[in-house]
Amino acid sequence: FANDLGLDVANSFLVIASPRKQTLVAAGDLAYHYSTTRLAEFCKETIFSCKDEKISVSYRRLGQVNASADQEISPNLPLKYVCSDTDKYVLGKPLSQEFINIVTKDGWTFEQVGQFVKRYLAILVDIAKTDGLTVDQVSAVAVLPSQYIDCMPQNIMVDVLGKHTFIDREWQLTAPIETNHLVFRSLLFLCDAITRFGRPATGESLTVYLFIERALKAAGLKAELSDFDRYEMIETKIQLAVSGINVSAFFGMLNTRLLPMQTLHQIMIERDIQLKQLNNRVAELQNSTSWRMTKPIRYASDCVRKIF
């Protein structure tokens, strides 16, 4: 808890044991991470190790050991799985934490969310320049390289000096991705990862799609439902190719699914109120004249059931 990781790793401990005396974990290994919410051939193990006081990151594919590093997986939507052997370790915080800090506090505004989206877009331009790519301006009609499909806030690390690094690059489209689509995708993944939003300054309840629509508009980006439908189709194909799961039903609920804005304590209070109302209704029924008048009938019915 000293480094604020307590809640993040609460469900992430793996106990390794053996009846024989042997080395179960290689010297220097600090942590293991498993990506398994996908088809077997795309599952991987990530190992964080320390050697000579330097931390390194290595990957190992679990599903198909001899599979090609670049594997095209969908004939309808060309998507490549790129699993490198190693990666650079970056000390810092994910950009997504800035978004979480905004929307989990009561009184947040879409102006704040819009500023975050603008900052994210500016960072995308900087990352592209670092990769040797030219992205002069990010606008509603702009496109980004296909390998940026995973360049979302949760995959962008920000170090203490403010430098941004795109990590965990493993998926790649064979066609460029629209900027609006990437922002839509990022906001969708962020909303799905947050267990409780704070109440907005307006006090209103918001569906997931209404939140994304207003966030895009606050950032000066185009936000049309026809575009959302198109992005849904692409994302459904991607998820089907990667996980084997048809998520069309999930997207179908986003127009009506409200952002979670209640704490567990608030939910329990609301449940207690509903329980009290039900108990009062039962008491009213049992004290009513009709209930007392039908008591002999209920008694007779109970006797008959006991006999037969």
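Nothing fancy with the numbering, it's 1 onward along the sequence.
A 4.5 Å side-chain heavy-atom check between Ile149 and Arg185 finds at least one atom pair inside the cut-off. Counting heavy atoms from C-beta outward, Thr86 and Ser56 have side chains that stay 4.5 Å or more apart. Within the 4.5 Å cutoff, the side chain of Glu232 has no heavy atoms near those of the Leu188 side chain. In this structure the side chain of Ile273 reaches within 4.5 angstrom of the side chain of Gln277, judged on heavy atoms. For the pair Tyr231 and Glu178, the minimum side-chain heavy-atom distance is below 4.5 Å. The shortest distance between side-chain heavy atoms of Arg214 and Leu206 falls below 4.5 Å. Here the side chains of Gln154 and Leu190 are in contact, with some heavy-atom distance below 4.5 Å. Counting heavy atoms from C-beta on, the side chains of Leu124 and Leu182 come closer than 4.5 Å.
Leu24 and Ile47 fall within a single hydrophobic cluster, where Ile, Leu, Val, Met, Phe, Trp and Tyr are joined by side-chain heavy atoms under 4.5 Å apart, directly or via other members. A single hydrophobic cluster is seen to contain both Ile127 and Leu95, as judged by linkage of ILVMFWY side chains at heavy-atom distances under 4.5 Å, directly or through other members. Hydrophobic clustering of Ile, Leu, Val, Met, Phe, Trp and Tyr side chains at less than 4.5 Å, counting indirect connections, unites Ile156 with Ile100. Phe189 and Val208 fall within the same hydrophobic cluster, where Ile, Leu, Val, Met, Phe, Trp and Tyr residues are linked whenever their side-chain heavy atoms come under 4.5 Å apart, directly or through other members. Linking Ile, Leu, Val, Met, Phe, Trp and Tyr whenever their side-chain heavy atoms come within less than 4.5 Å puts Ile177 and Leu133 in one cluster.
The aromatic rings of Phe184 and His181 sit tilted relative to each other, their planes meeting at an angle between 30° and 60°. Ring-plane geometry between Phe42 and Tyr81 is classed as perpendicular, the angle between the planes exceeding 60 degrees on a 0 to 90 degree scale with a lower cut at 30. Aromatic ring pairs are classed by plane angle as parallel below 30°, tilted from 30° to 60° and perpendicular above 60°; the pair Phe197 and Phe99 is perpendicular. The aromatic rings of Phe211 and Trp108 sit perpendicular to each other, their planes meeting at more than 60°, with 30° as the lower class boundary.
The distance from atom CE of Met253 to atom OG of Ser248, rounded to the nearest 0.5 Å, is 10.0 Å. One finds the CG atom of Leu173 at 11.0 Å from the NZ atom of Lys80 (value rounded to the nearest 0.5 Å). Between the CD atom in Glu224 and the CZ atom in Arg230 there is a gap of 9.5 Å [rounded to 0.5 Å]. Here the OH-OG1 distance, from Tyr120 to Thr179, works out to 9.0 Å after rounding to the nearest 0.5 Å.
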(message) For Ser84 and Tyr59: C-alpha separation, side-chain torsions, deciding distance, then whether side chain to side chain contact (heavy atoms under 4.5 Å, CB included) applies.
(response) CA-CA 7 Å; Ser84 59; Tyr59 301 110; 3.8 Å; yes

(message) Show, in sequence, the C-alpha distance, side-chain angles and deciding distance for Thr202 and Phe110, and conclude whether the side chain to side chain contact (heavy atoms under 4.5 Å, CB included) test is met.
(response) CA-CA 10 Å; Thr202 57; Phe110 276 105; over 6 Å; no

(request) Kindly indicate, with the supporting measurements, whether the criterion side chain to side chain contact (heavy atoms under 4.5 Å, CB included) is fulfilled by Leu259 and Val103. (result) CA-CA 11 Å; Leu259 296 177; Val103 300; over 6 Å; no

(request) Verify side chain to side chain contact (heavy atoms under 4.5 Å, CB included) between Asp150 and Arg169, making sure each step is shown before the conclusion. (result) CA-CA 6 Å; Asp150 259 352; Arg169 308 185 185 204; 5.9 Å; no

(request) Any chance you could lay out the side chain to side chain donor-acceptor pair (under 3.5 Å) test for Thr109 and Glu111, step after step, and finish with the verdict? (result) CA-CA 5 Å; Thr109 66; Glu111 182 180 358; 4.8 Å; no

(request) Show the numbers, then the answer: is there a side chain to side chain donor-acceptor pair (under 3.5 Å) between Gln97 and Asn101? (result) CA-CA 6 Å; Gln97 189 60 51; Asn101 291 342; 3.0 Å; yes

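A donor-acceptor pair is defined here as one N or O able to donate and one able to accept, closer than 3.5 Å; such a pair exists between the side chain of Asn180 and the backbone of Lys222. Between the side chain of Asp159 and the backbone N or O of Leu161, at least one donor-acceptor pair lies under 3.5 Å. Under the 3.5 Å distance criterion, the side-chain polar atoms of Asp106 are matched with a main-chain donor or acceptor of Arg199. Within the 3.5 Å criterion, the main-chain N or O of Lys54 finds no donor-acceptor partner in the side chain of Asp52. Between the side chain of Thr294 and the backbone N or O of Trp291, at least one donor-acceptor pair lies under 3.5 Å. Between the side chain of Thr207 and the backbone N or O of Leu210 there is at least one donor-acceptor pair closer than 3.5 Å. Between the Asn155 side chain and the Cys151 main chain, no donor and acceptor come within less than 3.5 Å of each other.
A 6.0 Å sphere centred on CD of Glu53 holds no more than 12 heavy atoms belonging to other residues, nucleotides or ligands. Environment of CD in Gln286: crowded, with over 12 heavy atoms of neighbouring residues, nucleotides or ligands closer than 6.0 Å.
Across all non-hydrogen atoms, the minimal contact from Cys83 to Lys44 is SG-CD, 4.3 Å. Contact between Ala218 and Gly114 at its shortest, heavy atoms only, is CB-CA, 3.8 Å. Across all non-hydrogen atoms, the minimal contact from Ser18 to Gln22 is OG-NE2, 2.6 Å.
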